[in-house]
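Everything numeric in this text was worked out from a predicted model, so none of it was measured. We use all heavy atoms of the structure for the numbers below, so side chains are in, but hydrogens, waters and symmetry mates are not.
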Amino acid sequence: MNSPVLTEFTGRSGQILERLNKLYPSLIDLSLNRLKRLLNDLENPERHLPPTIHVAGTNGKGSTCSFLRAIGEKAGWNVHVSTSPHLINVTERFRISGHLIDEAELSDTLSYIEKVNNQQPITVFEVLTAATFCLFAKYPADLAIIEVGLGGRFDATNVIYPIASTITSISMDHEAFLGNSLVKIAREKSGIIKKSIPVITYNQSPEVLNILQEEAQAKNAPLFIQGKNWTIEKQRDYLVYNDSKGTLQLPLPSLMGFHQVNNAGLAIATLRATQLAVPEYAWQGIAEAQWPARLQRLQGTLTRYITPETELWLDGGHNADAGQILARFIKSKWQDRPLHLIVGMKNNKDSSAFLAPLIPLCTSIQAVIEPDQHMAMSIDNIIQASKNHAISGGTIKNALIHLQQTEKKPYRVLICGSLYLAGSVLRQDGWKPV
């Protein structure tokens with residue numbers, strides 16, 4: 001079970017990945033034997049990684065990785081990070097010592113892996129995972145952070161032996177792959193737990209916590225749960241974190257939303273559960289984390305299609321839990337002016353569950369599809385899922401122009417519903433990954 005991969009690739013790396021994708025588009029491996037065979041042929045780079053933190057969950061994986069990275073880099077460490085999916089360019093998936101991988105080096109690495117694989121069955125995500133291990137083993141670092149692609153137990157990344165296993169919030173998503181209940185999904189996510197390796201998680205729902213506790217106990221893995229073993233709270237204009245090692249007073253996280261307080265706390269709890277020596281000042285790094293398409297304000301090319309007083313925002317949230325999180329944020333922070341939603345979704349998502357908490361909070365909803373939006377849900381289906389509250393907006397540009405021409409007061413626009421849509425929006429806005 002591997003993470004979805006954006007179909008738009010560029011450069012020589014893209015040509016290699018497109019070739020592999022056409023040869024082996026939908027192989028499912030519930031044993032990881034195929035990847036292990038390839039890694040063995042590559043002389044097992046996954047056994048030569050820097051100290052590694054493995055991050056799984058439904059929502060919050062990328063943000064938690066960004067906080068882990070920010071703390072590590074604030075400490076002066078060399079930090080490698082692997083995340084997925086990419087938004088614009090496949091190089092976004094590979095950060096080596098603070099810098100995105102160079103396209104030429106990535107293409108050389110992929111070409112070498114393709115040659116070693118020798119036309120045996122393999123998927124794009126498995127090749128990208130192998131590339132992560134090859135690159136991370138090649139360059140020494142103080143810390144590596146690896147995000148699970150999809151699920152956990154049979155995810156291609158789950159061949160590593162980390163120093164900590166971090167599990168973010170678990171909710172309903174990817175049911176076709178992971179199961180149609182929280183218990184089944186939690187069991188898949190808990191598959192990253194390793195023998196005697198600390199596990200750090202949120203205060204999850206009882207059925208999820210039961211699964212995590214069972215798995216941790218079976219593996220003799222220490223389990224650190226928010227609310228029981230660690231806490232983090234917002235007090236006025238700062239955060240207070242507390243665990244058995246003491247109390248930290250911290251700045252507010254740079255990423256917006258109440259949920260980012262928990263993500264920051266999860267990153268701190270993870271590092272404090274390891275044997276890594278984190279300097280006291282490094283915890284301030286949570287105020288410097290960056291992660292695109294998570295309540296990100298857009299200020300590039302697309303602002304030509306809004307009035308001067310208008311705010312344009314982007315969020316990649318796309319499931320029921322993300323809809324609830326966005327709704328909570330809107331209720332508390334965005335009641336000062338009309339809010340207009342522009343929504344585009346992936347065709348296998350529960351758009352009704354995502355939209356339900358947002359509908360009462362919006363002045364209007366426009367359903368859109370971008371020409372380059374992978375696996376896009378039809379506009380008609382989005383409108384139906386909204387119980388006809390939404391209207392057709394066509395494309396992002398058309399939807400923005402419509403609001404520019406019809407809304408007279410200062411207003412706010414939130415584009416949301418899909419990371420694939422977010423990638424298209426960022427490309428149009430002129431955003432460049434750094």
Distance (rounded to the nearest 0.5 Å) between [X] [atom1] and [Y] [atom2]:
X	Y	atom1	atom2	result
R93	L135	CZ	CG	13.5 Å
I200	L223	CD1	CG	8.5 Å
L341	L358	CG	CG	5.5 Å
L426	L302	CG	CG	9.0 Å
S66	L68	OG	CG	8.0 Å
L39	I160	CG	CD1	11.5 Å

Regarding [X] and [Y], do their side chains bring together a donor and an acceptor under 3.5 Å, going by distance alone?
X	Y	result
H86	T91	no
Q366	H340	no
D243	N229	no
S169	T58	no
N242	T247	yes
D155	T157	yes
S424	Q428	yes
E126	T129	no
N78	D142	no
N158	K194	yes

Within a radius of less than 6.0 Å around [atom1] of [X], do more than 12 heavy atoms belonging to other residues, nucleotides or ligands occur?
X	atom1	result
Q384	CD	no
K397	NZ	no
K245	NZ	yes
Q275	CD	no
K234	NZ	yes
E207	CD	yes

Look only at the side chain of [X] and the backbone of [Y], and say whether a donor-acceptor pair between them is shorter than 3.5 Å.
X	Y	result
R95	V434	yes
H389	S386	yes
E215	L212	no
H54	P162	no
N220	S196	no
N44	R47	no
S254	A289	yes
N210	P206	yes
Q226	N262	no
K189	G152	no

Worksheet item: Centres of the F224 and W230 rings: under 6.0 Å?
Response: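 Judged by ring-centre distance (under 6.0 Å), F224 and W230 do not meet the cut-off.
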Fill in: Carboxylate-amine/guanidinium proximity below 4.0 Å for K36 and E46
no
Worksheet item: How far apart are the C-alpha atoms of N319 and N59, what are their side-chain angles, what is the distance that settles it, and do they pass the side chain to side chain donor-acceptor pair (under 3.5 Å) test?
Response: CA-CA 9 Å; N319 54 33; N59 292 319; 3.1 Å; yes
Fill in: Cation over ring face, R272 and W283, 6.0 Å, 45°
yes
Going by heavy atoms in the side chains, are [X] and [Y] under 4.5 Å from each other?
X	Y	result
P251	Y238	no
T307	P410	no
T64	K61	no
F94	H99	no
Y305	L403	no
E288	K74	yes
L209	N203	yes
H48	F133	no

Worksheet item: Should the ring pair Y420 and H374 be called parallel, tilted or perpendicular, given that the plane angle runs from 0 to 90° and is split at 30 and 60?
Response: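 Answer is perpendicular, since the angle exceeds 60°.
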Fill in: Audit row: R69, E73, salt bridge (Lys or Arg N to Asp or Glu O under 4.0 Å) steps and yes/no
CA-CA 6 Å; R69 172 195 160 204; E73 291 181 347; 3.1 Å; yes
Discussion item. Tell me which one of R294, Q260, H259 satisfies side-chain hydrogen bond (donor to acceptor under 3.5 Å, both in side chains) with S63.
Written reply: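 Testing S63 for a side-chain hydrogen bond (donor to acceptor under 3.5 Å, both in side chains) against R294, Q260, H259 leaves exactly one candidate, Q260.
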Discussion item. So, applying side-chain contact (heavy atoms from CB on, under 4.5 Å) with I170, which one of I185, D321, I211 is it?
Written reply: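 For I170, the side-chain contact (heavy atoms from CB on, under 4.5 Å) test succeeds with only one of I185, D321, I211, which is I185.
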Worksheet entry | Closest contact, heavy atoms only, A137 versus P45 | CB-O, 3.6 Å
